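Shown next, in structure tokens, is the structure this report addresses.
Since this is a predicted model, take the numbers as computed values, not measurements. Both counts, for ligands and for their atoms, begin at 1 and track the order of listing.
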Amino acid sequence: MIFFKKKAKITLKNCKIPEHIGIIMDGNGRWAKKRMLPRSAGHAAGSENFKTIARYCNKIGVKYLTVYAFSTENWKRPKAEVDGIMDLLRKYLKDSTNFKAENIKLRFIGELSVLPLDIQELIKKAELESDEATGLVVYMAVNYGGRDEIVHAVKKISERVKNGTFNTEDITEQVLSDNMYYTVPDPEFIIRPSGEYRLSNFLVWQSAYAEFWYSDVLWPDFSPDDLDRAIIDFNKRNRRFGGVDEEEGEKR
Ligand code: FPP
């Protein structure tokens, strides 16, 4: 008689928590439309949910969370919608209980110099105020584009080559990585709710070996339980980074 060893059920308790998660907070507009509300209501609900998920990531021990709040392409949206998103950002930044009391460190990535000046000031203040936090580090991507980030890095390196402080031959992948908007470990896991299967210019350089997870749930409805499900699924993935499984390698 053959006995099959029962596989231990994977729960969050016996899971590896990804060190760095990226989230494309998509589906706010459809969430609002389903409720016959203006799109701004969807973004407001999305911004509330961002707080819930950031708090939850902090609780379960995620180290870095990068969220896509506003892309370099989002300026194409109607002015009222863009202004609405900027207002949500202002509101979030003005209330330091959102991060300070939570022991969350807040950081921003993107081309921030074109944002309204008061938002730039609020960002500086929030980054400073949360500097001592030892918990989750949230990177909010605002006026962020992955390709834009690569161009930015190439320009920085070119400047050094031009002024003679760096040699073209010394340009490596690591040098490129070091010149991106941020230099934390690459995201291991990227989540996109709302039924779209695109990267949409998010973390183009850093996602080379990320695992992707998609879901039909719209961002404002994406719950901590959904995140648990995603992380459990992440734990079932076989990450080979271009290599082969150790056992497979031995057989050959
Ligand atoms: C994509 O959904 C979402 C955005 C372009 C904006 C995301 C912004 C927030 C969640 C609020 C940011 C503020 C804070 C404080 C985090 P969509 O509008 O494209 O949705 P749709 O595809 O259903 O139309």
Taking the six-membered ring for Trp, are Tyr181 and His152 parallel (under 30°), tilted (30 to 60°) or perpendicular (over 60°)?
tilted
For ligand 1, which is the ligand I care about here, please tell me if Arg30 has any N or O atom under 3.5 Å from one of the ligand's N or O atoms.
yes
Quick one: sort the Tyr182 and His20 rings into parallel, tilted or perpendicular, breaks at 30° and 60°.
perpendicular
Measure across Ala230 and Phe189 and return the closest heavy-atom pair with its distance rounded to 0.1 Å.
O-CZ, 3.2 Å
I'd like to check whether Arg39 has a polar contact with ligand 1, where a contact means an N/O of the residue lying under 3.5 Å from an N/O of the ligand.
yes
Nearest non-hydrogen protein atom, atom 20 (O) of ligand 1:
Gly29 N, 3.1 Å
Main-chain N/O of Ser113 paired with Gln120 side-chain donor or acceptor, under 3.5 Å:
yes
How close does the nearest protein non-hydrogen atom get to atom 13 (C) of ligand 1, and which residue and atom is it?
Ser47 CB, 3.8 Å
Keeping the roles fixed (side chain from Asn235, backbone from Cys15), state whether a donor-acceptor pair exists under 3.5 Å.
no
Has Glu196 got any heavy atom lying under 4.0 angstrom from an atom of ligand 1?
no
Under 4.0 Å from one or more heavy atoms of Arg77, ligand 1 contributes atoms 5 (C), 17 (P), 18 (O), 19 (O)
What is the closest protein heavy atom to atom 5 (C) of ligand 1, and at what distance does it sit?
Asn74 OD1, 3.4 Å
Nearest non-hydrogen partners of Asn201 and Tyr144, listed with the distance:
O-CE2, 3.6 Å
Identify, for atom 10 (C) of ligand 1, the protein heavy atom at the shortest distance, and state residue, atom and that distance.
Asn28 ND2, 3.4 Å
Nearest-neighbour protein heavy atom for atom 4 (C) of ligand 1, which is reported as residue plus atom name and distance
His43 CE1, 3.9 Å
Closer than 4.0 Å to some heavy atom of Met25 - which atoms of ligand 1 meet that?
1 (C), 2 (O), 3 (C), 10 (C)
For Tyr92, the atoms of ligand 1 under 4.0 Å from one of its heavy atoms are 15 (C)
Counting non-hydrogen protein atoms only, what is the nearest one to atom 8 (C) of ligand 1? Give residue, atom name and distance.
Ala69 O, 3.4 Å
Is the closest heavy atom of Lys91 to ligand 1 under 4.0 Å?
no
Out of Val142, Asp26, Leu89, Leu218, whose heavy atom sits nearest atom 17 (P) of ligand 1?
Asp26
So does Glu127 pair up with Lys124, basic N to acidic O under 4.0 Å?
no
Does NZ in Lys155 sit with more than 12 non-hydrogen atoms of other residues, nucleotides or ligands closer than 6.0 Å?
no
Once salt bridge (charged side-chain N to carboxylate O under 4.0 Å, His left out) is applied, do any residues pair with Asp87, and if so which ones, sequence neighbours excluded?
Arg90
Determine, using heavy atoms of Gly27 and all atoms of ligand 1, whether some pair is separated by less than 4.0 Å.
yes
What atoms of ligand 1 come closer than 4.0 angstrom to any heavy atom of Phe50?
16 (C)
Does one hydrophobic cluster hold both Leu218 and Val67, with members joined at side-chain heavy-atom distances below 4.5 Å?
no
